[in-house]
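Everything numeric in this text was worked out from a predicted model, so none of it was measured.
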Amino acid sequence: MSEMIEPIKEYLLGLQDSICESLAQVDGGAEFTIEEWDRPEGGGGRSRVLSDGAVLEKAGVNFSHVMGDQLPGSATAARPELAGRSYQAMGVSLVIHPRNPYAPTSHANVRLFIAEKPGEEPVWWFGGGYDLTPYYGFEEDCVHWHKTAADACAPFGDEVYPKYKKWCDEYFYLKHRNEPRGIGGLFYDDLNTWDFDTCFAFMRAIGDSYLAAYRPILERRKDTPYDDRERQFQLYRRGRYVEFNLVFDRGTLFGLQSNGRTEAILMSLPPLVRWEYAFKPEPGTEEARLTDYFLTGRDWLRIGDTGTAS
């Protein structure tokens with residue numbers, strides 16, 4: 001598999017660098033720290049983190065290539081036939097937490113898994129996607145985000161975006177809160193229905209479209225005036241992000257169960273967050289509109305085509 005893995009590793013490292021360079025520009029030249037790390041069980045990674053920037057309160061873009069003798073339970077729960085196989089997992093995962101409450105948090109990842117067993121063909125699959133978590137909603141941003149995602153999927157078939165948009169809505173859902181984490185985007189996993197080269201091309205299409213989806217939104221919202229009310233609401237809603245990552249997120253569970261580097265695994269968590277008992281926004285406010293209108297699994301492409309929310 002080495003001849004298949006090396007081009008993907010080269011692409012992922014380049015993707016990590018290009019995303020960091022672009023986001024650093026938006027932040028006015030702030031720098032991402034770089035930390036190389038090794039994992040005792042095999043493999044390692046490269047973490048790049050920007051903290052306390054003018055625009056980005058915390059941004060982490062992590063590359064990892066880990067391997068082991070046996071897949072963790074989080075990876076075999078849905079595919080028990082893979083239990084006992086050795087594995088390699090490689091990917092880029094990122095989370096961006098802007099300082100301004102009007103600028104949304106964003107998450108993206110693209111990854112490859114390979115499970116191997118002597119005497120049998122390797123089993124491989126791709127996964128990934130990206131999703132957006134606003135604190136104050138703007139239709140313009142939601143339409144742009146989903147239009148960019150749909151354009152990235154279009155060369156691979158008309159059914160791809162609707163399928164992975166639906167999967168994203170279902171995956172990034174806090175069951176105990178009965179609400180979505182954000183306004184969705186794309187989520188896919190166990191992708192091996194196409195040949196390997198086509199699946200890799202899809203990975204590149206998703207990875208390469210992330211900046212086109214997110215950077216214009218960040219630039220539009222990063223300088224919006226705000227006061228302590230908006231800041232406190234942002235910190236409260238960040239609590240939902242933490243709850244999802246620690247309770248439901250497969251990547252977090254896989255990283256912890258595979259004895260990955262904890263700092264790299266949990267770099268997705270925001271630097272500041274708050275919880276308030278039984279908090280409910282006042283009806284008719286922009287805070288209430290977030291959950292009443294934006295976090296409802298809408299068809300943002302249809303809204304973009306019609307120019308109306310009806």
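Listed for the S209 side chain is no donor-acceptor partner under 3.5 Å among the backbone atoms of A212. Looking only at distances, no side-chain donor or acceptor of D249 sits under 3.5 Å from a matching main-chain atom of F244. Distance alone, capped at 3.5 Å, places no donor-acceptor pair between the R298 side chain and the I303 backbone. Here the side chain of Y214 pairs a donor or acceptor atom with the backbone of P104 at under 3.5 angstrom. Between the side chain of T148 and the backbone N or O of H144, at least one donor-acceptor pair lies under 3.5 Å. Judged by distance alone, the side chain of R238 and the main-chain N or O of L272 form a donor-acceptor pair under 3.5 Å. Panel note: side chain N109, backbone S93; no donor-acceptor pair is recorded below 3.5 Å. Between the side chain of H146 and the backbone N or O of D141, no donor-acceptor pair lies under 3.5 Å. For the pair T33 (side chain) and V49 (backbone), a donor-acceptor distance under 3.5 Å is present. A distance-only check finds a donor-acceptor pair linking the side chain of R274 to the backbone of Q232 [under 3.5 Å].
For the pair D189 and F113, the minimum side-chain heavy-atom distance is 4.5 Å or more. With contacts defined as side-chain heavy-atom distances shorter than 4.5 Å, the pair S106/T133 does not qualify. Side-chain contact check for E230 versus Y135: every heavy-atom pair is 4.5 Å or farther apart. Taking 4.5 Å as the limit, every side-chain heavy atom of L191 sits out of range of all side-chain heavy atoms of W125. R85 has its side chain within reach of E120: a pair of non-hydrogen atoms, C-beta onward, lies under 4.5 Å apart. For the pair L301/V143, no side-chain contact is recorded, criterion being any heavy-atom separation below 4.5 Å from C-beta on. With a 4.5 Å cut-off on side-chain heavy atoms, E282 and T285 count as touching. Looking at heavy atoms from C-beta onward, Y236 lies out of side-chain contact with E287 at the 4.5 angstrom threshold.
Nearest heavy-atom pair, C20 versus F32, reported as atom, atom and distance to 0.1 Å: O-CE1, 3.4 Å. Counting all heavy atoms, side chain and backbone alike, D169 lies closest to G297 at OD2-CA, 4.3 Å. When all heavy atoms of P134 and L290 are compared, the closest pair comes out as O-CD1, 3.5 Å. Scanning both residues, E139 and W300, for their nearest heavy atoms gives CG-CZ3, 4.0 Å. Minimum heavy-atom separation, L56 to A59: CD1-CB, 3.9 Å. The two atoms that bring K58 and P271 nearest to each other are CB-CD, 3.7 Å, heavy atoms only.
Interatomic distance, E170 CD to K165 NZ, rounded to the nearest 0.5 Å: 10.0 Å. With values rounded to the nearest 0.5 angstrom, D69 atom CG is found 11.5 Å from E116 atom CD. To the nearest 0.5 Å, the span separating CD on E159 from SG on C153 amounts to 9.5 Å. With values rounded to the nearest 0.5 angstrom, L112 atom CG is found 8.0 Å from M4 atom CE. Distance check, rounded to the nearest 0.5 Å: CZ of R237 to OG1 of T105 gives 11.0 Å. In this structure, the separation between CD on E21 and CD on E31 is 11.5 Å, given to the nearest 0.5 Å.
Side-chain N/O atoms of W275 and E243 include a donor and acceptor closer than 3.5 Å.
Atom CD of E219 has more than 12 neighbouring heavy atoms from other residues, nucleotides or ligands inside a 6.0 Å radius. Counting non-hydrogen atoms of other residues, nucleotides and ligands closer than 6.0 Å to CG of D195 gives a total above 12. Other residues, nucleotides and ligands place no more than 12 heavy atoms under 6.0 Å from the CD atom of E10. Annotation: D158, atom CG; neighbour count of heavy atoms from other residues, nucleotides and ligands within 6.0 Å does not exceed 12.
With F63 as the partner, the side-chain contact (heavy atoms from CB on, under 4.5 Å) test is satisfied by one option alone out of L94, D17, L12, L15: L12.
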Would you tabulate the side-chain donor-acceptor contacts of residues 181-188 under 3.5 Å, counting partners in other chains and residues two or more places apart, or write 'none'?
| unit_1 | atom_1 | unit_2 | atom_2 | d |
| --- | --- | --- | --- | --- |
| R181 | NH1 | N245 | OD1 | 2.8 |
| R181 | NH2 | D131 | OD1 | 3.3 |
| R181 | NH2 | D131 | OD2 | 2.9 |
| R181 | NH2 | Y241 | OH | 3.4 |
| Y188 | OH | G127 | O | 3.4 |

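Both I206 and W167 belong to a common hydrophobic cluster when Ile, Leu, Val, Met, Phe, Trp and Tyr are linked at side-chain heavy-atom distances under 4.5 angstrom. A continuous path of ILVMFWY side-chain contacts below 4.5 Å connects I8 to L13, so both sit in one hydrophobic cluster.
If you look at W194 and F202, their ring centroids are closer than 6.0 Å. For F196 and F126, the gap between ring centers is short of 6.0 Å.
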| task | Tell me, with the steps shown, if T224 and N100 meet side chain to side chain donor-acceptor pair (under 3.5 Å). | result | CA-CA 7 Å; T224 303; N100 193 306; 4.8 Å; no

| request: Would you sort out whether N192 and W124 count as a side chain to side chain contact (heavy atoms under 4.5 Å, CB included), showing the intermediate values? | output: CA-CA 7 Å; N192 58 12; W124 55 264; 3.6 Å; yes

| salt bridge (charged side-chain N to carboxylate O under 4.0 Å, His left out) evaluation trace for K222 with D27 | CA-CA 9 Å; K222 66 183 178 67; D27 203 280; over 6 Å; no

| Verdict with reasoning, V95 to L269, per side chain to side chain contact (heavy atoms under 4.5 Å, CB included) | CA-CA 8 Å; V95 177; L269 301 182; over 6 Å; no

| task | Would you check, one step at a time, whether the test ring-ring contact (aromatic ring centres under 6.0 Å, His included) holds for Y210 with H107? | result | CA-CA 9 Å; Y210 168 74; H107 159 260; 9.0 Å; no

| task | Check step by step if side chain to side chain contact (heavy atoms under 4.5 Å, CB included) holds for R215 and S22. | result | CA-CA 8 Å; R215 180 167 172 167; S22 180; 2.7 Å; yes

| request: With salt bridge (charged side-chain N to carboxylate O under 4.0 Å, His left out) as the test, would you mind laying out the steps for R231 and E57 before giving the verdict? | output: CA-CA 12 Å; R231 175 62 167 171; E57 192 168 7; 2.8 Å; yes

| task | I would like to know whether E35 and R46 meet salt bridge (charged side-chain N to carboxylate O under 4.0 Å, His left out); could you show each step before the answer? | result | CA-CA 6 Å; E35 183 179 5; R46 184 176 73 177; over 6 Å; no

| So Y130 and L132, side chain to side chain contact (heavy atoms under 4.5 Å, CB included) or not? Walk me through it. | CA-CA 7 Å; Y130 47 67; L132 195 71; over 6 Å; no

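Aromatic ring pairs are classed by plane angle as parallel below 30°, tilted from 30° to 60° and perpendicular above 60°; the pair F138 and Y102 is tilted. Under the 30°/60° scheme for interplanar angles, the aromatic rings of F233 and F279 are found to be tilted.
Relative to the six-membered ring of F200, R204 meets both conditions, a distance below 6.0 Å and an angle of at most 45° to the axis.
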